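Here's the structure, in structure tokens; my notes come after.
Since we're looking at a predicted model, the values are computed, not measured. Just so you know, ligand 1 is whichever comes first in the structure, and atom 1 is the first atom listed for that ligand.
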Amino acid sequence: MKILGIETSCDETAAAVAVGNNESVKIISNVISSQINIHKKYGGVVPEVAAREHVPNILPVINEALINANIPPFTNGKRPKAGGIDAIAVAVGPGLVTSLLVGAETAKTLSMAWNIPVIPVQHIEGHIYANFIGSDKDIKYPAVILTVSGGHTLLINMKGHKQLDTIGETRDDAAGEAFDKAAKMLGLEYPGGPVIATKAAELKTANRESRINLPRPMLGSPDLDFSFSGLKTALLYALQKDTDWKNKIPEYAYEFQQAIIDVLIAKTIKATKDHKAKTVMLTGGVAANLELREQLKNKVKSELNLDLIIPDLKYTTDNAAMIASAGYFKAKNNKHIDWRDLTIDCNLSL
Ligand code: KG4
Ligand code: ZN
């Protein structure tokens with residue numbers, strides 16, 4: 001089954017083609033047009049600007065994804081015959097309403113023109129299915145999935161393709177959001193996660209230790225929830241007290257990153273034990289963080305004797321390959337719909 005995936009939830013315009021077979025998905029093309037350089041100067045994503053940028057980008061991005069997958073693009077409005085697409089998967093929420101609309105309306109138009117069904121995909125569900133890309137994944141259920149992005153920090157208990165239960169979540173800021181806000185305080189650019197990671201790595205490379213101490217909120221709490229807002233405030237107070245902070249940016253970056261990693265790891269291990277999970281997965285934009293990948297992998301091995309499953313780096317931050325992957329599994333379960341019934345929901349939950 002061949003699926004065209006479309007993703008426009010936030011500031012990436014993305015399209016991908018996936019081929020699904022049984023329990024594995026192969027990506028045959030993956031195109032992303034990022035708007036990061038446009039939003040950088042505002043210090044964050046400006047919703048109206050994001051939507052306007054998606055409009056001229058969406059069709060060229062889809063066209064490129066089809067060409068890269070050797071599919072004849074838009075042949076007189078007819079469904080391409082050779083290597084034809086079977087269904088279109090599109091992210092329908094959560095996300096920025098006007099951005100989501102661009103992807104959804106494009107998916108509907110193609111669905112009508114090509115006479116193939118559309119598959120609505122929840123964005124977080126997409127992140128989860130980034131872990132199903134590739135043929136080497138040995139996923140057993142129940143599986144605990146730590147999903148960490150700019151908008152969400154969730155622990156999910158996956159009991160199978162039809163059951164994704166949220167067992168823990170952030171009570172305030174998401175992990176990615178905390179990275180972005182901390183970077184702003186430190187005078188670093190948007191998005192904050194990758195810059196903080198780079199600064200933190202400078203300290204490690206120099207073989208130095210951080211002299212900063214920040215709290216690990218909710219580390220020992222009996223539930224599986226998170227809270228990162230207090231950590232952000234603790235950083236703010238520490239910077240206000242420290243007249244020399246501009247000379248210690250790698251130290252602050254290192255400690256802030258480690259505080260987040262410590263809590264994420266502790267809660268993921270607890271969730272796996274509590275729910276007797278047989279697989280542990282990490283996903284979402286923050287899963288691009290190399291320290292988090294490495295430290296979680298080591299802890300999952302040493303404490304649980306399991307191999308952590310993580311997506312390739314290119315499938316961590318927003319992309320359409322993950323949407324196509326989720327779409328394949330939904331199509332397999334007959335979750336495709338008629339284009340007339342496709343709607344978006346900017347607060348759509350799992
Ligand atoms: O999944 P994603 O692309 O978009 C949302 O669904 O929100 O995640 C974006 C988030 C941003 O907050 C960004 O700062 C964070 O992922 N991020 C990182 C890294 N790369 C991206 N956080 C920590 N370390 C990174 N290397
Ligand atoms: Zn995302």
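- Among protein heavy atoms, the minimum distance from atom 14 (O) of ligand 1 is reached at D180 OD1, 2.7 Å.
- Closest heavy-atom contact between N68 and S29: CB-CB, 3.6 Å.
- Distance from atom 17 (N) of ligand 1 to its nearest protein heavy atom, with residue and atom name: G285 O, 3.6 Å.
- Using modelled atom types, no side-chain atom of D172 and backbone atom of T170 make a donor-acceptor pair closer than 3.5 Å.
- Side-chain contact check for K248 and S210: no donor-acceptor pair (N or O, by modelled atom type) lies under 3.5 Å.
- At least one donor-acceptor pair closer than 3.5 Å links the side chain of T106 to the backbone N or O of V102.
- A distance-only check finds a donor-acceptor pair linking the side chain of K137 to the backbone of I133 [under 3.5 Å].
- Contacts of H123 with ligand 1, taken as heavy-atom pairs under 4.0 Å, involve the side chain alone.
- The Zn ion (ligand 2) does not have C10 among its coordinating residues (no N/O/S atom, backbone or side chain, under 2.8 Å).
- Restricting D318 to its N, O or S atoms, the one at the least distance from the Zn ion (ligand 2) is OD1.
- For N289, heavy-atom contacts with ligand 1 shorter than 4.0 Å involve the backbone as well as the side chain.
- For H127, the N, O or S atom closest to the Zn ion (ligand 2) goes by the atom name NE2.
- By the 30° and 60° cut-offs, the orientation of the rings of F179 relative to F256 is perpendicular.
- Atom 15 (C) of ligand 1 has as its closest protein heavy atom V286 CG2, 4.0 Å.
- Counting atoms of ligand 1 from 1 in the listed order, those under 4.0 Å from a heavy atom of G151 are 7 (O).
- Listed by number with element, the atoms of ligand 1 under 4.0 Å from a non-hydrogen atom of A288 are 20 (N), 26 (N).
- P191 approaches P194 most closely through the heavy-atom pair O-CD, 3.4 Å.
- For ligand 1, the atoms lying closer than 4.0 Å to a non-hydrogen atom of G176 are 12 (O).
- For C10, the closest heavy-atom approach to ligand 1 does not fall below 4.0 Å.
- Backbone and side-chain nitrogen or oxygen atoms of D318 are examined, and one is located within less than 3.5 angstrom of a nitrogen or oxygen of ligand 1.
- Evaluated for a side-chain hydrogen bond (donor to acceptor under 3.5 Å, both in side chains) with H127, the options T317, T283, D318 yield exactly one hit, D318.
- Residue G193 has at least one nitrogen or oxygen atom sitting less than 3.5 Å from a nitrogen or oxygen atom of ligand 1, judged on distance alone.
- Side-chain contact check for N30 versus Y315: some heavy-atom pair is nearer than 4.5 Å.
- Residues L186 and L214 share a hydrophobic cluster, clusters being chains of Ile/Leu/Val/Met/Phe/Trp/Tyr side chains in contact below 4.5 Å.
- Heavy atoms of H127 approach ligand 1 to within less than 4.0 angstrom.
- Listed by number with element, the atoms of ligand 1 under 4.0 Å from a non-hydrogen atom of T317 are 3 (O), 21 (C).
- Counted by atom type alone, E7 and S9 present one or more donor-acceptor pairs between their side chains at under 3.5 Å.
- For ligand 1, one of its N or O atoms has an N or O atom of G150 under 3.5 Å away.
- Counting heavy atoms under 4.0 Å from ligand 1, residue H152 does not touch it at all.
- Classification of the H161-F132 ring pair by plane angle, with boundaries at 30° and 60°, yields tilted.
- Residue F179 has no N or O atom closer than 3.5 Å to an N or O atom of ligand 1.
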